[in-house]
Amino acid sequence: MMSKSALLKVILLGDGGVGKSSLMNRYITNKFDSHLFHTIGVEFLNKELEVDGRRVTLQIWDTAGQERFRSLRTPFYRGSDCCLLTFSLDDGQSFQNLANWKKEFTYYADIKDPDSFPFVVLGNKLDIPERQVSGEDARKWCRENGGHPYFETSAKDATNVASAFEEAVRRIQMTDDRDGHLISTDTNTVDLQRKSQAQNSCC
Ligand SMILES: Nc1nc2c(ncn2[C@@H]2O[C@H](COP(=O)(O)OP(=O)(O)OP(=O)(O)O)[C@@H](O)[C@H]2O)c(=O)[nH]1
């Protein structure tokens with residue numbers, strides 16, 4: 001029998017220019033463009049993968065980080081299974097803004113219990129030598145704001161990009177297992193009601 005894979009919606013949030021589109025492109029197409037345009041609204045791409053023996057379809061939503069696009073991106077937060085809070089290691093302000101991004105996400109995604117929702121924090125542009133945010137400060141923020149996993153990535157040279165997305169899947173699976181939502185790779189026992197929100201979204 002053909003096995004079915006669960007559809008997991010993962011959303012990238014963070015200031016304009018931190019590298020959200022570049023991370024998605026690196027992960028999906030293994031390419032990097034040093035002259036990428038700002039995203040307007042949202043875009044998504046799918047990728048099938050297997051994590052810890054479970055086959056899933058990861059639907060990665062890339063959002064526009066610039067403030068002027070706020071009203072275009074927020075309607076797409078609902079139905080997310082994991083939120084990747086992204087900043088740039090060479091931009092201290094983008095790190096300071098993580099708390100605002102988390103707040104905006106929990107409000108518009110209508111997350112009832114933010115403490116048990118899977119967030120993963122990404123410090124991108126690791127390849128740039130001039131850092132404004134130390135790993136120590138970033139890890140401290142993650143510890144003090146819900147114990148989120150933290151990855152330092154480079155979309156440019158691909159460092160840690162796949163690991164970060166795979167961790168997002170693991171976190172979703174942990175949350176679903178704990179909440180009793182069985183994600184099965186070979187039956188129809190996926191929580192269809194919750195997953196269908198993601199399938200119905202469009203740009
Ligand atoms: N050196 C370096 N540059 C990067 C990296 N990731 C992205 N960039 C560059 O940073 C700029 C912004 O990248 P984007 O991926 O468009 O950033 P974004 O977060 O999607 O921006 P918005 O669409 O405005 O929200 C581009 O010029 C990228 O080439 C990285 O890991 N290292």
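Just follow the structure's listing: the first ligand is 1, and inside any ligand the first atom is 1. From a predicted model like this one, the values you see are computed outputs, not experimental measurements.
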Enquirer: Please state which option from G16, G19, G65, S154 has its nearest heavy atom closest to atom 17 (O) of ligand 1.
Expert: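 Considering heavy atoms of G16, G19, G65, S154, the nearest to atom 17 (O) of ligand 1 sits in G19.
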Enquirer: Out of H35, E43, K125, Q66, whose heavy atom sits nearest atom 10 (O) of ligand 1?
Expert: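 The option holding the nearest heavy atom is K125.
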Enquirer: Does ligand 1 have any atom that is closer than 4.0 Å to a heavy atom of F69?
Expert: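 No heavy atom of F69 comes that close to ligand 1.
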Enquirer: Measuring from non-hydrogen atoms of L23 to any atom of ligand 1, is the shortest distance under 4.0 Å?
Expert: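 Judged by the 4.0 Å heavy-atom criterion, L23 does not count as contacting ligand 1.
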Enquirer: Can you tell me which residue and heavy atom of the protein come closest to atom 23 (O) of ligand 1, and the distance to 0.1 Å?
Expert: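 Atom 23 (O) of ligand 1 sits closest to the protein heavy atom T39 N, 2.7 Å.
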Enquirer: Could you tell me if any non-hydrogen atom of S34 lies under 4.0 Å from any atom of ligand 1?
Expert: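 In this structure, S34 qualifies as a contact of ligand 1 - some heavy atom is under 4.0 Å.
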Enquirer: Got a salt bridge between K112 and D110, using NZ or NE/NH1/NH2 to carboxylate O under 4.0 Å?
Expert: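 Yes, charged N to carboxylate O under 4.0 Å.
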Enquirer: For the atom pair CD (E50) and CZ (R54), what is the distance rounded to the nearest 0.5 Å?
Expert: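 The CZ atom of R54 is 11.0 Å from CD of E50, to the nearest 0.5 Å.
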Enquirer: Which option out of S94, G17, S22 puts a heavy atom nearest to atom 7 (C) of ligand 1?
Expert: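 Nearest option to atom 7 (C) of ligand 1, by heavy atoms: S22.
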Enquirer: With a 4.0 Å cut-off on heavy atoms, does D157 reach ligand 1?
Expert: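 D157: no contact with ligand 1 (<4.0 Å).
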Enquirer: Where is the nearest protein heavy atom to atom 3 (N) of ligand 1: which residue, which atom, and how far?
Expert: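 Protein heavy atom at minimum distance: F32 CZ, 3.8 Å.
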Enquirer: Does this structure show an ion pair linking E136 with K140, if we count only N-O contacts that are shorter than 4.0 Å?
Expert: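 Salt bridge between E136 and K140, a charged N being under 4.0 Å from a carboxylate O: no.
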Enquirer: Side-chain contact test, heavy atoms from C-beta onward, threshold under 4.5 Å: evaluate it for F95 versus L89 and give yes or no.
Expert: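 F95 does not reach L89 side chain to side chain.
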Enquirer: Does F119 have K102 sitting over its ring (NZ/CZ under 6.0 Å from centre, angle to axis within 45°)?
Expert: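 That pair qualifies as a cation-pi contact.
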Enquirer: Number the atoms of ligand 1 from 1 as they appear, then name those within less than 4.0 Å of a heavy atom of T63, with their elements.
Expert: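 Answer for ligand 1: 25 (O).
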Enquirer: Considering K156, K20, H38 one by one, which has a heavy atom nearer to atom 19 (O) of ligand 1 than any of the others?
Expert: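 Looking at heavy atoms only, K20 sits closest to atom 19 (O) of ligand 1.
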Enquirer: Between K20 and E43 (salt bridge meaning N to carboxylate O under 4.0 Å), is one present in this structure?
Expert: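 Judged by the 4.0 Å cut-off on N to carboxylate O distance, K20 and E43 do not form a salt bridge.
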Enquirer: How far apart are the C-alpha atoms of F44 and F76, what are their side-chain angles, what is the distance that settles it, and do they pass the ring pair (Phe, Tyr, Trp, His ring centres under 6.0 Å) test?
Expert: CA-CA 11 Å; F44 73 83; F76 297 94; 9.0 Å; no
